[in-house]
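Data block below; observations after.
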Amino acid sequence: MVGKDDERFRDFVVRRSPDLLRTAYLLTGDRGHAEDLLQTALLKTYRHWNRLRDKDDPMAFVRRVMATSQAMSWRQRRVDEFVTDQAPERAATQHRPEAGDDEMWLALARLPPRMRAVLVLRYWEDLSEAETARVLDCSIGTVKSQASRGLTRLRTQLSSAPKPARLSESIPEGMA
Amino acid sequence: MTRTEEQLRATFRRHANDVDTPTDTYDAVLNRYRRVRRLHVLGAAAAAGVLVLVAVPVTQSVLDAGPTPGEVAGPVAPYPLPPRGSLADDEEFLAAVVQAPWGRGPDAVNPPLNTRQVVFAGEVAGGRWARVVGQIDGELVGAWFSGPSGAGGDAMTLRSEPHTVATGPEVFYDYADGAGVLLVLSESGDRVAVSERPDIDATGTVTRDYRSVETIDGVAIVDLPGKWLQALSVRIDRGSGTVFRGGIGEGSAELGPGDQPETWTDQQIWEAANGALGIAPNPEVVRMVLDPLTDQAGYAVDELELSVLWAGPVGETEAVLVSAVLPSGAVVVLGGRGQLYADDTTRSFGDLLSLHPSGTAAQDLMLVMRCDVHEGEGPTPITSELVVLGPPGSVSFRLLGPSPAVEEPGNGRILSVQPVDGVTGVQALDAAGNMIAEEPVAGVQDISDAGDGPVN
């Protein structure tokens, strides 16, 4: 790729990287992995640049690569699992919660990446069910079920998480 | 909207706002591209022999360079199958070969040891072969190692340059001393069939006959005659469908340079150019344009009756139109361009390939060839030029597509114009302005029917 196409790609990266990195961060929950995911997706975009239909704003392509790559990385971790009699040192995984995280963020970290991707696309990117299905290359029914199950899991985890006592709960009924 | 949905949106907003603006993303992506590109080039060089290595400056080691600032080595899915082959159960051999160096020195491509897997290890063609894959910069890369029969894993040496690999079925071949061997890596239970070359009948129809070969645990090893290695096609069936049909080309690695098919001599080309229009053809350009006949279709030079129809300049390249009569009587017309550089490297473009039934007089055909004109080594065309060879009696041409249609005078039976965006076809006109032939802007017809690789 040379000349004008290169310039257009550079413009796209400069213009869209902040938004894309935010989405990548919400998909992975980790800044380092988010940067890696974004760079991997942009590398694939660069390779396909000549064939992209809408070079002015190939956001759909990048989103798709990021979301599907994220699901792939989860499958790879499953393959890598092995039996050991020693507890492994905890690695800096993409879902490692950090200090100050809220309950919802912690609950999100426990979702399978594909389910999390559905929620990110629906509730952060504000994509419709049909658009989300296109990005993830699945049926609308799958998007609906994944979103529904994801929200149910979040709700369940939030309701079971220990909560600090609220002031109103410590005041006898009728006194508030 | 439920309370959970509201909380979710608020959480997304809060955490997204904490993400600061990335820096140097473009440079990081470009650095990755160059490194991965170099792996592709090394793989292509292993297949093609020599030219690419001359053209590509090696400026940075893939391994020794390490990640650039802002880059994080990302995991990719490992090769999904365990080792196979007659040595797959030899743990000592596997443990040694997985540590074999992929190269030495500053240009070496050495994936980290903990990412390496042995995909195949076995006795092949009187020696030992092993295929090892590993990960570099989020890419799965692979290399072949070989050694004499009975060699230990630590005696295996790098046989092919590392190259990027896919995790689907893979096809490899090696050729030496007049004999070739084909090795197919697929899944257990798959059925493998091989077709040495396509058949082009008298009507110009391309077909292939495949013969089944023995497969053990998804691995097929087939002895082949060297003659048609580059024209062969492999089909892999799984269940009731086909999962792969492709040749030994892009997407599969090759061991060694293989055998280059015999091609036409300068003398044969000059004889074939007797009566050709335009300028005297450059034999090297003619040979490049004829490559599909020997490489993709597997024809031998003495099977074909060659004619050069026209030669002339297009941009910085030399273009030719040639025809060949096949053994079945069918006629194939090829058009293309070649560029020869001072350092003896070459570049070629195939612009036209069409098949015609037996009895077709190629010298009377009307041929329309669109040539995308490139600047330097850039892959993106900067403009396009149309080369038209009219039938005898043509003096001018009408370009179809633009409204109103554009008429252009010919240089004899030849028209060469640019730019040509929007032109869909051309009419040839005689001296009285009557239309005597019409042809669409044609492209390159597949002469090999080898398949494109994985079948979805």
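Sequence lines set the chain letters: A, B, ... in the order given, protein chains first and strands last, and positions in each chain run from 1.
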Evaluation steps, side-chain contact (heavy atoms from CB on, under 4.5 Å), between L108(A) and L8(B): CA-CA 9 Å; L108(A) 274 167; L8(B) 182 59; 3.9 Å; yes

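- Looking only at heavy-atom pairs under 4.5 Å with chain B, the residue among V14(A), V120(A), L154(A), L37(A) that has the most is V120(A).
- Rounding to the nearest 0.5 Å gives a distance of 14.5 Å between CZ of R22(A) and CZ of F12(B).
- Salt-bridge check for D18(B) with R31(A): failed, with every basic side-chain N at 4.0 Å or more from each acidic carboxylate O.
- Applying the 6.0 Å contact sphere to CD of E91(B) captures no more than 12 heavy atoms from other residues, nucleotides or ligands.
- Taken to the nearest 0.5 Å, the OG1 atom of T4(B) stands 11.5 Å off from the CD atom of Q157(A).
- Atom CG of L21(A) and atom CG of D20(B) lie 7.5 Å apart (nearest 0.5 Å).
- In terms of heavy-atom proximity, Y26(B) sits nearest to R10(A) at CE2-NH1, 3.2 Å.
- Rounded to the nearest 0.5 Å, atoms CD (E5(B)) and CG (L119(A)) are 9.5 Å apart.
- Taking all atoms of both residues into account, the shortest heavy-atom contact from Y123(A) to R9(B) is O-NH1, 3.2 Å.
- Looking at R3(B), neither its backbone nor its side chain comes within 4.5 Å of chain A, counting heavy atoms on both sides.
- Of the two parts of D19(A), neither the backbone nor the side chain holds a non-hydrogen atom closer than 4.5 Å to a non-hydrogen atom of chain B.
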From CA spacing to verdict: side-chain contact (heavy atoms from CB on, under 4.5 Å), T25(B), E35(A): CA-CA 8 Å; T25(B) 301; E35(A) 286 207 9; over 6 Å; no

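- Within 6.0 Å of CZ in R14(B) there are more than 12 heavy atoms belonging to other residues, nucleotides or ligands.
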